[in-house]
Amino acid sequence: MDQSFTMLNLHPDLVQTLTEKGYSAPTPIQSEIIPAMLAGRDVIGQSQTGSGKTAAFCLPILQTLQPGKKHVQSLILAPTRELALQVSQAMAQYGKKVGVRVLAVYGGQPYSEQINRLRKGVDVVVGTPGRLLDLIEKAVLDLSAVSTVVLDEADEMLSMGFVADIEAILEATPANRHTALFSATLPGPIRTLANRYLRDPQAFTMGPRQLTVDTVEQRYYLINENERMAALTRLFEVEPIVSALVFSRTRLGTGELANELVTRGFAAEVLNGDLNQDSRERVLQRFRNNQIKVLVATDVAARGLDIDHVSHVFNYDLPQDPELYVHRIGRTGRAGKSGIAISLLTPRERWFLRKIEAYTKQKMVQSQLPSEEEIQTQRDSGLVEKMMVWLRRGRCQRERDMVTNLVEQGHDANEIAAAAFKLIRSEEKQRPIMPLSDVREDRPKPARASVKRVKRATEIQTGRSSHEKGMVRLALDSGKADGIRISHVVGSLSHHADIPGQSIGKIRIEDRTTFVDVPEDLADRVLAQTKAYHIGRQRISIQRA
Ligand code: AMP
């Protein structure tokens with residue numbers, strides 16, 4: 001689409017500046033956003049750095065600006081000082097012919113200069129949320145006449161914990177302002193913010209959705225069948241999950257899984273065939289609004305799911321066919337954002353993995369589940385990170401007073417801080433790290449205790465039988481023809497006579513008879529229980545051979 005800036009109805013002065021900068025045509029986002037903003041629409045731009053989004057919102061602001069007014073007319077919120085500076089410089093450059101007065105405000109700089117500039121008069125303020133709020137609270141930044149507010153890199157601002165600050169700032173602007181929101185991703189909290197503060201926004205996303213698996217990192221973990229939950233909950237500890245879909249083949253599995261995740265503090269809900277249309281819609285809405293972070297779904301229930309912001313897809317168990325696999329993981333990695341698809345599989349399921357790889361023509365990477373130590377370390381650093389947010393913000397007056405009191409009572413500041421950490425992490429009790437054992441390959445490796453049994457089997461095959469020292473030989477009145485197996489003999493004898501399975505010696509199963517060696521000192525005990533022995537419904541009697 002070849003379009004010129006003039007066709008977007010931009011002022012000739014602005015177009016000339018752009019031409020001088022070497023911009024010959026608007027980028028796609030500019031073609032969409034500029035006319036919408038000029039028409040007074042609120043907009044949502046899903047775009048990354050490099051798309052030309054800065055000019056997309058700067059140009060309409062500059063076009064509608066009335067330079068020289070007393071009040072701030074436009075406000076731009078950016079997550080970092082670097083971005084605030086970058087945007088203010090771009091604004092100044094694009095608006096040099098307009099004579100725009102731009103000020104960047106961010107933390108770590110003395111207030112005096114910023115306050116002086118504000119007093120002299122500024123048309124556009126670009127700032128980080130914390131500093132903007134401070135200036136509002138100091139009554140030196142008056143936003144009552146602002147006509148346009150831009151939230152740049154909104155997802156970054158939210159992930160830095162600025163949501164309350166952003167809301168407070170927006171509340172300080174007139175309700176009839178125009179609002180533009182730019183974000184690389186549109187997770188639930190961003191949508192919530194947009195729903196609350198934008199009026200009928202026009203949304204622009206980068207191109208059609210890519211449903212291929214190119215943007216998805218695919219990993220798999222080998223596990224034992226009975227340790228799927230342990231593996232999943234461990235992964236939930238270390239993965240940077242924004243929101244996740246967990247797929248389970250069975251309806252039954254979904255409930256159990258969601259419960260476990262909820263107990264562990266992850267807002268999870270089930271999406272399965274048991275839900276009626278209304279409940280399903282409600283669950284999906286909660287997921288979109290980020291009120292729930294995790295959806296545990298069956299394939300059938302997830303059909304036609306239109307969800308954009310999934311960071312992780314977990315295949316708790318593998319789907320029934322490779323096409324379903326692609327369908328499942330296509331829920332992540334949308335809109336140019338990378339996604340992570342994780343599959344749990346047992347050694348027996350390897351062949352199916354190869355089948356999927358052949359279908360997708362992509363390799364899945366085998367990864368190692370996090371160890372207990374790694375999870376602990378992650379928990380520690382997560383806690384410190386949360387603490388750092390408050391340390392940076394420094395708005396803990398009440399808490400500081402509490403610490404002062406404790407220090408006055410003679411407690412050491414380090415000890416107080418350590419105790420505070422201990423207190424916070426008491427919730428970790430809800431999240432025990434489930435044990436994992438070594439992954440058993442298809443054929444169970446003989447563990448120490450079962451070596452004897454393997455040896456026995458060999459001896460049966462060779463048909464040899466011999467009395468070991470200290471052992472007596474007993475005869476059972478059943479054999480191969482009755483379907484008797486070594487495991488039956490060991491199981492029944494050890495259970496009813498209450499002797500250790502390992503103490504049982506050689507076993508030879510013949511057609512109608514079975515010979516078994518037991519330690520001499522246990523023989524009477526075994527014989528005393530002869531009426532009790534059963535294999536299935538069949539009674540077995542034992543006597544000395
Ligand atoms: P942004 O996505 O706003 O960070 O912009 C990325 C880069 O593209 C910046 O260096 C801009 O100067 C440049 N740029 C923005 N719009 C255009 C355009 N229409 N033509 C050429 N370059 C542009």
Side-chain angles (χ1 to χ4, degrees), residues 155 158-159 184-192 209 211 213 215-221 223 228-251 253-272 275 280 282-319 324-335 337-345 364-365 367 369-370 375 378-379 382 430-431 434:
D155 51 355
L158 260 60
S159 70
T185 55
L186 297 178
I190 300 279
R191 289 169 193 272
T192 310
R209 265 188 205 133
L211 277 180
V213 287
T215 49
V216 180
E217 175 190 335
Q218 299 174 69
R219 280 187 247 142
Y220 75 91
Y221 295 85
I223 50 146
R228 286 186 195 272
M229 188 76 91
L232 185 81
T233 49
R234 282 190 181 212
L235 287 166
F236 261 70
E237 290 277 346
V238 296
E239 286 295 321
I241 295 172
V242 178
S243 61
L245 264 171
V246 181
F247 281 99
S248 166
R249 244 181 305 195
T250 64
R251 251 191 257 182
T254 52
E256 194 191 333
L257 258 168
N259 279 344
E260 181 63 36
L261 292 173
V262 168
T263 312
R264 289 171 172 267
F266 293 101
E269 278 194 45
V270 161
L271 192 75
N272 68 23
L275 300 182
R280 179 187 153 90
R282 274 200 296 276
V283 169
L284 286 176
Q285 200 49 42
R286 280 201 290 277
F287 188 61
R288 286 199 190 97
N289 294 342
N290 223 27
Q291 287 163 294
I292 46 176
K293 225 176 164 175
V294 187
L295 267 189
V296 185
T298 54
D299 289 300
V300 178
R303 211 164 273 164
L305 212 66
D306 180 26
I307 287 171
D308 264 343
H309 61 282
V310 175
S311 66
H312 286 70
V313 169
F314 290 89
N315 293 308
Y316 186 70
D317 39 35
L318 287 177
L324 259 183
Y325 173 85
V326 174
H327 209 249
R328 281 182 178 188
I329 74 162
R331 309 283 170 201
T332 185
R334 286 187 169 189
K337 187 84 180 155
S338 59
I340 295 172
I342 288 176
S343 301
L344 302 180
L345 54 116
M364 290 194 217
V365 181
S367 301
L369 286 164
I375 292 173
Q378 180 86 7
R379 287 181 179 182
Q430 299 287 341
R431 299 187 275 141
M434 292 191 196

So, taking the atom named [atom1] in [X] and the one named [atom2] in [Y], what distance separates them when rounded to the nearest 0.5 Å?
X: Thr298; Y: Phe247; atom1: OG1; atom2: CZ; value: 8.5 Å
X: Asp155; Y: Ile190; atom1: CG; atom2: CD1; value: 5.0 Å
X: Ile340; Y: His312; atom1: CD1; atom2: NE2; value: 3.5 Å
X: Ser248; Y: Leu344; atom1: OG; atom2: CG; value: 11.0 Å
X: Ser343; Y: Ile329; atom1: OG; atom2: CD1; value: 8.0 Å

Any donor and acceptor pair, going by atom type alone, linking the side chain of [X] with main-chain N or O of [Y] inside 3.5 Å?
X: Tyr221; Y: Leu235; answer: no
X: Arg191; Y: Leu186; answer: yes
X: Asn289; Y: Thr192; answer: no
X: Arg288; Y: Gly188; answer: no
X: Arg264; Y: Thr233; answer: no

Student check: side-chain heavy atoms of [X] and [Y] closer than 4.5 Å:
X: Asn315; Y: Tyr325; answer: yes
X: Leu284; Y: Leu295; answer: yes
X: Val246; Y: Phe266; answer: no
X: Lys293; Y: Phe236; answer: no
X: Ile342; Y: Tyr220; answer: no
X: Met364; Y: Glu217; answer: no
X: Val294; Y: Ser243; answer: no
X: Val296; Y: Leu261; answer: yes

So, Thr254 versus Asn272: side-chain donor-acceptor pair below 3.5 Å or not?
->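 On atom types as modelled, these side chains qualify, holding a pair under 3.5 Å.
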How far apart are the closest heavy atoms of [X] and [Y], and which atoms are they?
X: Val238; Y: Gln378; value: O-NE2, 3.7 Å
X: Val310; Y: Leu245; value: CG1-N, 4.0 Å
X: Asn290; Y: Val242; value: OD1-O, 4.2 Å
X: Ala268; Y: Val262; value: O-CG2, 3.4 Å
X: Pro240; Y: Ser311; value: O-OG, 4.1 Å
X: Glu269; Y: Ala258; value: C-CB, 4.3 Å

List for me each residue that meets salt bridge (Lys or Arg N to Asp or Glu O under 4.0 Å) alongside Arg328, sequence neighbours excluded, and say none if there are none.
-> Asp299
So salt bridge (Lys or Arg N to Asp or Glu O under 4.0 Å) across residues 236-245, not counting sequence neighbours, yields Arg219-Glu239, Glu237-Arg379, Glu237-Arg431
Of all residues at least two apart in sequence or in a different chain, which pass the ring pair (Phe, Tyr, Trp, His ring centres under 6.0 Å) check with Phe287?
-> His309
Answer yes or no: does atom CD of Gln291 have more than 12 heavy-atom neighbours from other residues, nucleotides or ligands under 6.0 Å?
->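 Yes, CD of Gln291 has more than 12 neighbouring heavy atoms, counting only those of other groups under 6.0 Å.
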